[in-house]
Amino acid sequence: MGQLTDHAWQKEFEQPIYAQWKADKRYAFNTSSKRKIFSIDTPPPYVNTPVHIGQATTYVLMDFFARFHRMLGEEVLFPLGLDRNGLPIEMAAEKRFNIKLNDVSREEFIGKCYEVLDESSAASTESFLRLGISFNSWNVGTGIGDVYETDSADYRSLTQDTFIDLYQKGLIYEDERVNNYCPGCQTTLADAEVEYEERPGHFYDIVFTCKETGEQIIISTTRPELICSLGMIIFNPEDTRYQKLAGKTAISPLYHKEVPIRAHPSAEMDKGTGIMMMCSFGDLTDIRFFREESLQPLIAINKEGKMNEHAGFLAGLSVAEARKVMVQKLDEEGLLARKTPAKAHRTPVCERSKDPIEFIAMKEFYVKQVECKEKMKALAHQLHVFHESSRQILLDWIQSVSIDWPITRRRYYATEVPLWYCNSCSKAIVPPKGKYYQPWKEDPPVKKCACGSASFRGETRVFDTWFDSSISPLYILKYSRNDAFFRKSAPCTLRPQGKEIVRTWLYYTLLKCYLLTGKLIFRDAWINYHIVDEKGHKMSKSKGNVIDPKAALDKFGAEPFRLWAAIEGNLEQGDFRCSFERIEGAQKTLSKLWNVARFVSLFPEAKKATLQEADQWIIRELHEIAAFAREHYAQYDFHNPATRLKHFVWETFASHYLELVKSRAYNRDAKFTKAEQDAALFTLHYCLDTLLKLLAPIIPLITAKIYYELRNKDIHAEQFPKPAVKAETEITADDIINLNSEIWKSKKSQGKSLKSEIASLTIPKKLKGIAKDLQAMHQVKEMRYGERVEIVV
RNA sequence: GGGCCCAUGGUCUAGCGGUUAUGACGCCACCUUCACAAGGUGGAGGCCAGGAGUUCGAAUCUCCUUGGGCCCACCA
């Protein structure tokens with residue numbers, strides 16, 4: 001049994017502790033363990049951007065879960081994943097080397113992606129290590145619990161296996177249809193990847209002519225460059241202004257194309273001029289309209305986001321340029337009646353590149369999702385979430401699914417679609433599972449097609465990054481790689497993730513794992529809210545209000561940050577605010593805890609003696625908190641227990657119990673018996689141990705150091721505390737706090753020091769059991785018992 | 001357009017039909033108290049956004065207003 005020699009907790013104490021954990025692989029997953037498995041499907045962060053404070057906070061919270069469940073005696077699977085696939089990496093490479101996808105060869109482009117990845121490798125994991133996160137491993141590998149990279153051959157081959165499975169089950173099909181298309185990224189996008197932004201725009205009032213009567217028709221549009229693809233002119237059936245045009249023909253300006261004019265409820269009377277042109281395709285409504293009206297769409301925009309031959313004189317121009325040229329030309333011809341700014345024009349844009357979405361027909365692979373909407377809703381109801389609003393986000397999204405999931409992308413740095421095609425009969429060659437394939441540069445696994453041809457071409461498309469990400473629980477539980485382990489560990493215990501990717505990561509994972517295994521892949525889903533700045537606004541690079549977790553770590557170390565995360569992280573509360581001031585507040589609590597421990601360590605441990613009533617009281621208080629913590633930790637609520645524990649450290653334990661038993665513990669004048677003193681010594685140590693264990697999941701570094709120096713053992717290998725001592729008393733914390741406060745106030749109001757003597761003190765009979773402690777604490781000469789408290793100085 | 005959440009001393013926050021309305025930071029006064037001045041003790045500061053209602057009784061329940069924040073859908 002040791003003593004704490006340092007006078008305060010220093011952030012410099014942290015580094016050797018986590019370095020030791022890393023060095024001796026303290027939290028490695030034990031594959032031969034018979035324990036119950038608690039598995040966490042951690043969200044793999046992108047490696048090319050530094051860890052931001054929101055991620056840092058959520059990983060810290062996950063670490064609470066992991067450490068708590070370890071102390072419950074469970075085998076915790078808590079792997080670190082690193083996302084290295086897809087558009088974000090490609091875009092970083094394009095920016096870094098100032099190239100575009102099609103400027104260079106595929107091999108060269110992939111090489112550039114590797115360069116970006118190499119430069120950004122260790123930076124993010126460093127922050128996690130410093131935060132004291134207890135990942136199973138810090139080394140990249142393919143074992144259970146190892147750090148995994150989503151672009152590894154192992155991960156990609158599992159992604160390809162899942163494609164092969166779904167393809168052979170008939171759950172994936174290829175079709176050519178109009179879809180969201182990002183001209184900047186040059187790829188098809190799923191609805192989940194589209195977001196809306198307020199973009200300034202204009203209404204252009206353009207002059208059309210009625211063929212039959214020759215009169216002018218003024219039509220408002222925000223997309224004049226699409227006039228070439230005009231299909232129909234419509235007005236609202238209720239609109240008397242245009243009734244006379246019904247059934248007539250309109251002639252488009254410049255292109256002189258004749259199209260029918262009809263009444264249709266899609267046109268709103270009070271928008272623009274009340275009469276609208278339907279072109280293919282300005283937005284999804286247009287697509288629906290063309291389909292419903294069986295109009296032949298005319299695609300005027302090509303894959304590069306430029307106008308094609310159908311646009312006539314606009315051919316070769318980008319959409320934005322075409323709009324400018326078109327407006328200018330209309331104006332010259334006297335066909336532009338008016339130009340007015342359109343306020344709050346919401347434009348669909350690519351969530352990554354922010355380019356406006358165009359709608360282009362392309363041949364892509366689709367995963368069937370529309371037909372299993374009801375099943376997905378049922379799974380959503382089955383999933384255990386911690387706030388109904390989380391489930392609602394998921395249900396809303398499932399409800400809004402209207403087309404199947406396009407999974408192929410025309411990019412390079414992602415998992416390749418594992419297919420080859422026979423050059424003679426066009427039949428698709430599906431390779432066997434279990435290997436990573438790159439068909440664009442490899443030969444197929446067969447020599448000859450069934451038709452006899454030996455000439456093949458490899459598929460060049462790759463998968464949507466969510467097609468990769470959605471197998472993360474399967475990957476970490478070794479689906480299709482270690483069947484015994486998968487059977488034992490599935491379903492994954494917990495999916496922790498942000499609310500903003502419910503419609504992508506959570507939804508696609510549930511969908512894909514259901515299609516593959518027929519089951520719900522998670523028991524619990526913990527949807528965390530956002531860390532916002534101190535004013536309550538979302539942090540974003542553009543706003544410049546981002547707090548770098550490294551700065552917090554440099555300034556305070558991990559422990560104040562972790563304690564802050566526990567105390568502020570109220571699940572019920574929604575978004576939570578971050579400021580250095582509040583982290584600093586947590587630091588003081590650590591200092592208090594350290595000094596409480598140092599005080600206790602001044603005394604030798606004692607065998608349990610007959611507990612005095614004060615001892616019974618503090619132990620009962622602590623047991624109540626322990627039971628509360630056990631129950632709430634299991635529900636992923638660390639906020640409420642942390643708040644109570646903090647209060648216990650400062651108030652109940654330090655200010656009241658310690659003061660109360662100080663004299664008995666020192667026993668300098670031998671006023672107390674040896675047994676009475678031992679009871680105090682026992683209680684001090686028992687309470688400290690229990691308190692440290694309750695706090696260990698939250699602040700693992702300081703508790704580990706104190707426990708190691710005092711007990712020479714690893715606190716994280718201990719069991720989560722259960723009441724080990726019987727403690728019963730009528731006395732409540734309020735009784736003691738109120739009495740002490742009254743005595744202090746009385747002394748103070750009479751200008752006496754707190755050490756001054758009290759001639760006589762009358763206390764309620766109920767408190768008789770702590771009378772001796774009170775007498776020593778407050779320097780009371782004579783103790784009396786009565787109905788109310790009386791203090792005679 | 002549809003829906004959701006929030007509003008409590010200067011700031012943040014607890015509160016879930018009856019409390020002298022909680023705590024933290026900040027502020028003021030006093031204390032070199034033997035674990036801790038990164039501490040202790042005491043104090044000032046709020047008609048609980050506004051209005052109406054339900055109730056014996058409302059910060060708490062209902063409705064409206066205002067001010068913040070968020071989600072979904074859609075637009076010529």
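Residue numbering restarts at 1 for every chain, and letters A, B, ... go by the order of the sequence lines. Computation of the quantities below employed the complete heavy-atom set of this structure, encompassing side-chain atoms and omitting hydrogens, waters and symmetry-equivalent molecules.
Spacing of P atoms, B/G26 relative to B/A21, comes out at 25 Å, to the nearest Å. Only the C1' atoms considered, B/C72 is 22 Å distant from B/A76, to the nearest whole Å. Distance check on atom P: B/U19 versus B/A24 gives 22 Å, rounded to whole Å. With C1' as the reference atom, B/U55 and B/G18 are 12 Å apart, rounded to whole Å. B/A49 and B/C28 are spaced 29 Å apart, taking the C1' atom of each and rounding to whole Å. For the P atoms, the distance from B/G50 to B/C36 is 47 Å, rounded to whole Å. A distance of about 15 Å separates the P atoms of B/U8 and B/G46, rounded to the whole Å. Taking atom P on both B/G2 and B/G45, the two are 47 Å apart, rounded to the nearest angstrom.
Look at CG on A/Leu394: it is 14 Å from C1' on B/C72, rounded to the nearest Å. For the pair A/Asp734 CG and B/U22 P, the interatomic distance rounds to 13 Å; values are reported in whole Å. Distance NZ (A/Lys747) to C1' (B/G40): 14 Å, rounded to an integer number of Å. The distance between atom NE2 of A/His647 and atom P of B/U22, rounded to the nearest whole Å, is 12 Å. When the P atom of B/A24 is taken as reference, atom CG of A/Leu645 falls 16 Å away, rounded to whole Å. One interatomic measurement links the two molecules: CZ of A/Phe599 to C1' of B/U33, which rounds to 12 Å at whole-angstrom precision. As a whole-Å value, the separation of A/Leu660 CG from B/U33 P is 21 Å. Taking atom NZ of residue A/Lys555 and atom P of nucleotide B/A38, one finds them 16 Å apart after rounding to whole Å.
A donor and an acceptor atom never sit less than 3.5 Å apart when one is taken from the side chain of A/Arg503 and the other from the base of B/C71.
Counting heavy atoms from C-beta on, the side chains of A/Leu254 and A/Met326 come closer than 4.5 Å. Between A/Met307 and A/Ile301 there is a side-chain heavy-atom pair separated by less than 4.5 Å.
Residues A/Gln587 and A/Ser220 both approach RNA chain B. Their nearest nucleotides, taken by heavy-atom distance, put A/Gln587 toward the 5′ side. Residue-to-nucleotide proximity on RNA chain B shows that, of A/Lys588 and A/Leu658, the 5′-proximal contact is made by A/Leu658.
Between B/C36, B/G42, B/A76, one nucleotide has an atom nearer to the side chain of A/Trp744 than all others, and that is B/G42. Among the nucleotides B/C36, B/A76, B/G39, the one closest to any side-chain atom of A/Trp650 is B/G39.
Stacking of A/Lys662 on the aromatic ring of A/Phe599 is recorded, both the 6.0 Å distance cut-off and the 45° axial limit being met.
Without hydrogens or angle criteria, A/Lys646 side chain to A/Ile567 main chain gives no donor-acceptor distance under 3.5 Å.
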- Message: With side-chain contact (heavy atoms from CB on, under 4.5 Å) as the criterion, how do A/Val600 and A/His685 come out once you've worked through the C-alpha distance, each side chain's angles and the decisive distance to 0.1 Å?
- Response: CA-CA 7 Å; A/Val600 174; A/His685 283 279; 3.7 Å; yes

- Message: Before you tell me yes or no, could you show the steps for A/Val780 and A/Leu774 under side-chain contact (heavy atoms from CB on, under 4.5 Å), namely the whole-Å CA-CA distance, both residues' side-chain angles and the distance that decides it to 0.1 Å?
- Response: CA-CA 8 Å; A/Val780 182; A/Leu774 283 170; 6.0 Å; no

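Annotation: A/Tyr507 is not in aromatic contact with A/Trp405 [ring centroid separation under 6.0 Å not met].
In this model, the phosphate group of B/G42 is approached by a side-chain N or O of A/Ser741 to a distance below 4.0 Å at OP1 or OP2. Residue A/Ser655 has a polar side-chain atom (N or O) positioned under 4.0 Å from OP1 or OP2 of B/U41. When the side-chain nitrogen and oxygen atoms of A/Lys592 are compared with OP1 and OP2 of B/G40, one or more of them lie within a distance under 4.0 Å. The shortest distance between the side-chain N/O atoms of A/Lys745 and the OP1/OP2 oxygens of B/G43 is below 4.0 Å.
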- Task: Fill in the dot-bracket string of RNA chain B, one character per base: . for unpaired, | for a pair to another strand, ( ) or [ ] for pairs within the strand, taking Watson-Crick or G-U pairs under 3.5 Å.
- Result: ((((((((.[[[..)..(....]]].(((((.......))))).....[[[[[..)....]]]]])))))))....

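Inspection of the A/Thr732 and A/Asp735 side chains reveals an N or O donor paired with an N or O acceptor under 3.5 Å.
Note on A/Ala597: nothing from the nucleic acid sits closer than 4.0 angstrom, heavy atoms only. When heavy atoms are screened at a 4.0 angstrom cut-off, A/Glu659 is found touching base atoms of the nucleic acid. If you check every strand for non-hydrogen atoms under 4.0 Å, A/Arg644 touches nothing.
In this view, A/Phe556 and A/Phe580 satisfy the ring-ring contact (aromatic ring centres under 6.0 Å, His included) rule, not counting sequence neighbours.
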